[in-house]
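Naming convention: chains lettered A, B, ... in sequence-line order (proteins, then strands); numbering from 1 in each chain.
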Amino acid sequence: MSFIDSRLAFRLMSTSQDEQIQQRKANLEALTALGVPAYPSKFERRDTITTLVDAHSPKSGEALEAERPETVTSGRILAMRSFGKANFLVLSDGRSRLQVYIRQDSMPDLDFRIFKHLDFGDWVGVEGRLFRTKTNELTIWASRLHFLSKCLLPLPEKWHGLTDVETRYRQRYLDLIVNPDSRRVFETRSKVVSAIRSFMTERGYLEVETPMMQAIAGGALARPFVTHHNALDMQLYLRIAPELYLKRLTVGGLERVFEINRNFRNEGISTQHNPEFTMMEFYQAYSDYQDLMVMTEELIATVARQATGSDQITFGDHQISLAAPFARLSLREGARDAASAKLGRAIDPQELRNRESAAAIATALGIEVKPGYGAGKIATEIFERLCEDRLVQPTFVYDFPTEVSPLSKQRPDDPDTVERFELYIGGFEVANAFSELNDPVEQRRRFEDQLKDRASGDLEAHAMDEDYVRALEYGLPPTAGEGLGIDRLVMLLTNSPSIRDVILFPLMRRRAEGD
RNA sequence: GGGCCAGUAGCUCAAUUGGCAGAGCAGCAGACUCUUAAUCUGCGGGUUGAAGGUUCGAUUCCUUCCUGGCUCACCA
């Protein structure tokens with residue numbers, strides 16, 4: 001440790017913590033003095049704690065006495081209780097916990113001396129047989145004890161655990177050690193991803209990976225992160241969406257593709273937004289947005305059942321049914337009904353189609369109308385402001401204004417409206433889908449509209465992507481596509497109020513020193 | 001970025017109008033042959049987020065800053 005490091009350590013560490021570290025180091029040195037390797041390279045365990053608990057929990061004490069099952073297992077010490085000659089450890093493999101009974105006359109002298117130098121948090125291996133104590137607790141009667149690794153820092157307390165959210169996010173390993181619920185959230189997240197993956201592959205979708213670093217950040221309306229490639233001396237963006245690449249693949253004849261991966265958007269952070277977040281995006285030829293509504297209902301309900309065992313969930317104060325079918329609500333009708341109720345007068349559908357009257361309604365509702373807003377954008381603003389957080393039960397909001405959907409196909413009977421829906425659950429957006437615009441001439445016109453917004457200062461407006469237009473010129477079959485927010489779906493399925501609770505290492509501000 | 005709230009021992013939390021900074025768990029020493037938040041006895045542990053200010057005296061009041069939470073704005 002350098003001079004500067006030790007000064008830093010001195011400043012960051014209180015005496016209490018430093019004392020406990022010194023005591024733990026002393027225990028490690030005592031083990032070394034006994035000839036015990038401080039950090040052995042391997043331990044051959046026969047069973048995990050979880051398999052032991054699962055296999056033997058149903059058995060009575062008598063049954064275990066008859067069977068006398070032997071095991072070799074390992075874990076982290078989460079509790080120690082000593083009674084002179086009778087000692088107990090609680091071992092955890094991260095998922096399950098199992099008690100170990102330690103007594104001097106049941107194991108080699110060296111092993112018992114190892115036990116004397118163990119600390120709360122150490123990793124150990126145990127050999128022994130399973131039995132039940134007088135209080136009927138499934139326990140390993142240890143015949144051997146092996147030291148595996150040291151915990152040098154004091155762990156959070158066993159009863160209250162770790163509740164400080166900042167520490168839970170910054171030092172997720174501590175959260176996982178002491179909060180079993182946190183572990184469960186991430187196990188559910190893993191199940192959600194595998195359930196989605198099998199749902200898609202079973203239906204003939206090909207899983208692909210497209211660039212995370214893109215010269216043009218397209219496929220969504222958002223501000224990107226900027227980076228740089230040295231050898232090519234090239235400015236690159238972290239992708240805000242994989243959309244344009246996935247549709248290029250559909251042009252190339254991959255009729256059903258999906259990708260589960262990260263998107264990066266350089267925007268605000270909130271309980272529903274992390275700068276990097278995970279989306280499943282998929283495209284399927286010969287389909288439209290109506291087909292995707294049906295498929296999405298099935299997907300959500302199936303994934304919920306596979307990941308949580310039920311399609312009925314509790315989210316905050318709400319009971320939500322994820323069973324199909326979901327409600328359907330036209331965006332303009334929703335906006336009109338909500339505005340009518342709020343303003344106390346019946347609004348005619350045409351009023352939201354006309355910029356002047358729509359702007360008047362928005363202003364009456366206290367919603368700001370910026371100069372660039374057309375009637376479609378205004379209607380969308382009204383909807384988001386008045387309706388969005390009321391959509392707790394799954395609801396498909398459909399028929400978006402063309403103005404806010406530069407990549408979606410127009411309805412044949414209504415060029416101001418596109419064939420698009422967003423799925424809302426729990427008051428926030430979970431999915432966004434549309435019939436893909438495949439007319440290259442119209443796509444170029446939409447990009448040019450976006451360029452005008454860009455020129456007038458809209459940093460989120462879409463850039464021109466000549467190669468994407470060229471791909472469309474080769475011909476994209478009728479195709480529908482969708483993006484599904486994995487983090488938000490996991491929030492719903494784990495009853496997590498913040499997106500940070502379902503991301504292992506959410507982005508945090510850098511601390512000045514140390515952690 | 002705005003508003004509100006919070007930061008005290010390793011962890012979870014107290015501290016009266018501004019008057020000696022405490023408890024439980026964890027740690028250390030000891031007792032104890034089946035406990036499970038074990039119990040009992042004793043002990044150690046603090047730059048009260050940081051810097052300044054007011055005051056005889058600041059965890060407490062004021063200012064600025066740091067970090068986090070909620071919320072609004074933006075967004076998915």
Side-chain angles (χ1 to χ4, degrees), chain A residues 10-24 26-27 61 78-90 97-106 119-121 131-139 141 151-171 174 177-179 219-223 240-241 263-279 281 368 381 384-385 388 422-424 428-432 458-460 483-489 491 497-500 506 508-513 515:
Chain A
F10 180 78
R11 283 189 48 202
L12 291 174
M13 215 176 281
S14 72
T15 316
S16 169
Q17 185 177 14
D18 189 48
E19 267 178 16
Q20 294 191 44
I21 292 168
Q22 291 310 322
Q23 282 151 1
R24 284 162 181 264
N27 275 331
L78 287 193
M80 293 204 285
R81 295 180 285 272
S82 290
F83 301 84
K85 290 179 183 166
N87 308 277
F88 297 92
L89 300 179
V90 175
R97 298 177 179 193
L98 182 59
Q99 181 169 265
V100 178
Y101 181 49
I102 302 229
R103 43 183 311 141
Q104 187 164 15
D105 56 15
S106 295
D119 288 297
F120 174 47
F131 76 112
R132 283 193 185 274
T133 62
K134 285 176 187 168
T135 47
N136 210 36
E137 173 95 5
L138 184 66
T139 304
W141 191 312
C151 177
L152 287 172
L153 299 171
L155 286 173
E157 190 223 323
K158 60 187 173 187
W159 182 240
H160 296 94
L162 181 66
T163 60
D164 181 79
V165 286
E166 184 175 356
T167 309
R168 288 186 51 218
Y169 297 152
R170 286 189 193 273
Q171 294 177 267
L174 290 180
I177 290 169
V178 300
N179 294 330
L221 306 181
R223 295 179 65 179
I240 57 176
N263 291 337
F264 307 86
R265 298 190 185 172
N266 205 342
E267 289 160 353
I269 294 174
S270 77
T271 48
Q272 285 161 30
H273 302 84
N274 195 62
E276 53 178 312
F277 63 102
T278 304
M279 293 246 305
E281 208 161 287
E368 186 194 3
E381 288 286 317
E384 287 177 352
R385 194 67 161 273
E388 208 173 274
E422 288 183 350
L423 172 62
Y424 282 83
F428 53 75
E429 185 187 337
V430 174
N432 179 23
D458 183 352
L459 296 168
E460 291 172 3
L484 178 72
I486 302 293
D487 312 275
R488 290 185 175 181
L489 182 59
M491 286 170 67
S498 170
I499 197 169
R500 295 181 153 198
M508 303 287 280
R509 201 179 296 268
R510 222 179 119 184
R511 300 296 290 267
E513 290 173 343
D515 52 10

Same-atom distance ([atom1]) from [N] to [M], integer angstrom:
N       : M       : atom1 : value
rU17(B) : rG30(B) : C1'   : 45 Å
rC13(B) : rU59(B) : C1'   : 14 Å
rA50(B) : rA38(B) : P     : 33 Å
rA21(B) : rU8(B)  : C1'   : 8 Å
rU41(B) : rG24(B) : P     : 10 Å
rC66(B) : rA51(B) : P     : 15 Å
rU35(B) : rC20(B) : C1'   : 40 Å
rU55(B) : rU60(B) : C1'   : 13 Å

So what does [X] touch, heavy atoms closer than 4.0 Å: a base, only the sugar-phosphate, or nothing?
X       : answer
R24(A)  : nothing
G483(A) : nothing
R488(A) : base
R132(A) : nothing
N274(A) : base
Y169(A) : sugar-phosphate
D164(A) : sugar-phosphate
E422(A) : nothing
M508(A) : sugar-phosphate

Give a yes/no on whether any side-chain N or O of [X] is located under 4.0 angstrom from OP1 or OP2 of [N].
X       : N       : answer
R170(A) : rG68(B) : yes
K158(A) : rC11(B) : no
R500(A) : rG69(B) : yes
R509(A) : rG68(B) : yes
S82(A)  : rC32(B) : no

Go through [options] for me and flag the one nearest to the [X] side chain.
X       : options                   : answer
W159(A) : rA76(B), rC70(B), rA37(B) : rA37(B)
H160(A) : rG10(B), rU12(B), rG69(B) : rU12(B)
T271(A) : rU71(B), rU33(B), rG68(B) : rU71(B)
S498(A) : rC70(B), rC11(B), rA76(B) : rC70(B)
E19(A)  : rC11(B), rG44(B), rA38(B) : rG44(B)
E429(A) : rA76(B), rA73(B), rC11(B) : rA76(B)
N27(A)  : rC28(B), rC34(B), rA76(B) : rC28(B)

Below 3.5 Å, does any donor atom in the side chain of [X] face an acceptor in the base of [N], or the other way round?
X       : N       : result
T163(A) : rU12(B) : no
E157(A) : rG24(B) : yes
E137(A) : rU35(B) : no

Would you confirm whether N179(A), through its side chain, and L162(A), through its main-chain N or O, come within 3.5 Å as a donor-acceptor pair?
->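 Yes; judged by distance alone, with no hydrogens or angles, the pair exists.
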query: Just by modelled atom types, is the I102(A) backbone N or O under 3.5 Å from a matching donor or acceptor in the N87(A) side chain?
result: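 A pair under 3.5 Å: yes.
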Please state how far atom [atom1] in [X] lies from atom [atom2] in [N], giving the value in whole angstrom units.
X       : N       : atom1 : atom2 : answer
Q17(A)  : rC28(B) : CD    : C1'   : 16 Å
K85(A)  : rU35(B) : NZ    : C1'   : 17 Å
L153(A) : rC11(B) : CG    : C1'   : 13 Å
E388(A) : rC72(B) : CD    : P     : 11 Å
M80(A)  : rC25(B) : CE    : P     : 16 Å
L489(A) : rA76(B) : CG    : C1'   : 13 Å
R103(A) : rU35(B) : CZ    : P     : 13 Å
N87(A)  : rU35(B) : CG    : C1'   : 10 Å

request  = Identify, between F88(A) and L162(A), the residue whose nearest nucleotide on RNA chain B lies closer to the 5' end.
outcome  =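 In this pair, the answer is L162(A).
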- Message: By nearest heavy atom, map T139(A) and L155(A) onto RNA chain B; which one lands nearer the 5' end?
- Response: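 Whichever sits nearer the 5' end wins; that is L155(A).
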Taking a pair as Watson-Crick or G-U wobble with both distances under 3.5 Å, which nucleotide is matched to [N]?
N       : value
rU63(B) : rA51(B)
rA15(B) : none
rG44(B) : none
rA9(B)  : none
rU33(B) : none

How far does [atom1] of [X] sit from [atom2] of [Y], to the nearest 0.5 angstrom?
X       : Y       : atom1 : atom2 : answer
I486(A) : N263(A) : CD1   : CG    : 10.5 Å
C151(A) : N27(A)  : SG    : CG    : 11.5 Å
M279(A) : N432(A) : CE    : CG    : 7.5 Å
F88(A)  : R81(A)  : CZ    : CZ    : 7.5 Å

Ring-base stacking, F83(A) with rC32(B) (5.5 Å, 30° cut-offs) |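 No; by the centre-distance and plane-angle rule, F83(A) does not count as stacking on rC32(B).
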Subject >> rA26(B) base stacked by F120(A) (centroids within less than 5.5 Å, tilt under 30°) >> reply: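 Here F120(A) fails the 5.5 Å or the 30° condition.
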query: Could R385(A) and E381(A) be called an ion pair, given the rule that one side-chain N must be under 4.0 Å from one carboxylate O?
result: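 Salt bridge flag = no for E381(A) with R385(A).
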Whether the Y424(A) and E422(A) side chains hold a donor-acceptor pair (N or O, under 3.5 Å, no angle test) is what I'd like checked.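 On atom types as modelled, these side chains qualify, holding a pair under 3.5 Å.
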inquiry  = The test is side chain to side chain contact (heavy atoms under 4.5 Å, CB included); show your working for Y101(A) and Q99(A) and say whether it passes.
reply    = CA-CA 7 Å; Y101(A) 181 49; Q99(A) 181 169 265; 6.0 Å; no
| task | State whether the number of non-hydrogen atoms from other residues, nucleotides or ligands found under 6.0 Å of R223(A) atom CZ is greater than 12. | result |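 No, the 6.0 Å shell around CZ holds no more than 12 heavy atoms from other groups.
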